[in-house]
Amino acid sequence: MSEIKTVTVDPGSRRYDISIGRGLLPRAAQFIAPHLKSGRCAIITDAIVAGLHLDVLTKALGDAGIETHVHILPAGEATKSFDHLQSLMSDLLNDRLDRGDSLIALGGGVIGDLTGFAASIYKRGCGFIQIPTTLLAQVDSSVGGKTGINAPQGKNLIGAFYQPSHVLIDTDVLSTLPERQIKAGYAEVLKYGLLGDAEFFDWLEENGEAVLALEPQAITHAIAKSCKAKATVVSEDEFERGRRALLNLGHTFAHALEAEAGYGGALLHGEAVSAGMAMAFDYSAARGICPQADADRVKAHLTRLKLTQFTDLSPEIQASPERHMGHMAQDKKNSGGNLTLILARAIGEAFIERKADTKAVTAFWAAQINKAGKKSTTKIESA
Ligand code: GLY
């Protein structure tokens with residue numbers, strides 16, 4: 001039997017473990033049952049994940065005598081809405097679930113965020129377990145208790161901090177994920193090296209291809225390292241009053257790009273984060289805060305693994321400095337009308353810049369757009 005790694009998250013509100021290993025879904029009851037206050041739960045999943053993994057989970061729980069109710073929602077970002085939350089609440093009430101029963105999120109970030117938020121408000125808070133099925137959800141969104149839905153005004157604007165009582169990560173489920181999704185998740189893995197662990201970045205430089213190829217030892221190590229890094233930060237700052245904002249390295253640039261792309265799949269969150277992290281390093285280098293050699297090393301890694309960079313984006317998503325600055329002004333990290341950015345002094349040394357210089361950031365967007373335009377002209381001329 002392959003090794004199971006355990007990472008403990010210990011924020012003030014609830015201490016819980018993340019179990020990481022191969023073949024855990026068919027043995028889910030062994031991990032989940034100790035955290036169920038009653039013998040009942042509801043599994044919330046989406047139509048795609050249901051087709052791939054639901055039977056395995058319901059059999060595992062059923063064999064252990066656990067009563068399961070199942071709710072299958074449409075796949076996609078549009079599911080993180082008030083409408084879907086309301087109809088899920090109504091279904092759970094019709095199931096006559098109690099506060100002592102648990103919701104199990106089986107899926108990616110959309111299902112995890114929606115289910116977590118539903119758990120936080122169902123009868124003022126019921127049990128909650130995460131079984132993330134995408135790499136991105138396994139290394140980021142399923143850990144740390146951020147839950148919520150989108151508003152017409154923006155993503156994740158309505159929500160709550162609500163920690164799960166267990167996170168079960170079966171690395172085998174990644175084998176059904178499209179390569180594009182694996183790469184998007186890899187960007188969040190890389191983030192942990194770039195923000196606080198230069199040695200992990202060195203390891204990714206050696207082993208990035210093996211991680212993307214889902215080689216068992218490499219992928220398990222990468223997930224466990226990422227979860228440990230996130231657990232450390234979340235345990236220190238559950239409600240993002242300080243250090244937790246570091247987990248947003250590259251995200252302020254990324255959110256602006258995502259807002260331009262719309263949320264229909266033209267640009268995945270992890271793709272935007274990949275481009276955004278390179279921009280955070282380039283901006284730090286341009287400001288003389290970080291050696292240009294470090295920014296170049298980050299971009300060389302992205303290029304080698306064919307991860308998204310600003311120059312890969314369509315002119316519509318590259319948009320204009322004014323549009324991006326407008327999106328950045330809405331960022332949740334901002335305070336008192338000041339723009340907050342996560343920048344870097346070096347690989348593995350991110351820091352929070354509370355009053356970023358908006359003129360310099362505007363000029364940086366303009367320079368990026370200009371450089372990308374020149375590159376695409378060169379490509380056409382030389383074709
Ligand atoms: N994804 C960033 C955080 O959980 O804080």
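Every number for a ligand or one of its atoms is a count from 1 in the order of the listing.
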Atoms of ligand 1 less than 4.0 Å from L247 heavy atoms? 2 (C), 3 (C), 5 (O)

Heteroatom distance test (R244, ligand 1): nitrogen or oxygen, under 3.5 angstrom: yes

Ligand 1 contacted by K230 (non-hydrogen, < 4.0 Å): yes

Should the ring pair H269 and H255 be called parallel, tilted or perpendicular, given that the plane angle runs from 0 to 90° and is split at 30 and 60? parallel

Electrostatic pair E271:R180 at N-O distance under 4.0 angstrom: yes

Please confirm whether D140 approaches ligand 1 to less than 4.0 Å, judged on its heavy atoms. yes

Do the two ring centres, one from F201 and one from H301, sit under 6.0 Å apart? yes

Test applied, side-chain contact (heavy atoms from CB on, under 4.5 Å); reference residue, L247; option that passes from L195, D140, D237: L195

Determine whether any heavy atom of E188 lies closer than 4.0 Å to an atom of ligand 1. no

Taking only non-hydrogen atoms of E240 and a 4.0 Å limit, the atoms of ligand 1 in range are 5 (O)

Qualifying salt bridge (charged side-chain N to carboxylate O under 4.0 Å, His left out) pairs, either residue in residues 99-110, two or more places apart: R40-D101

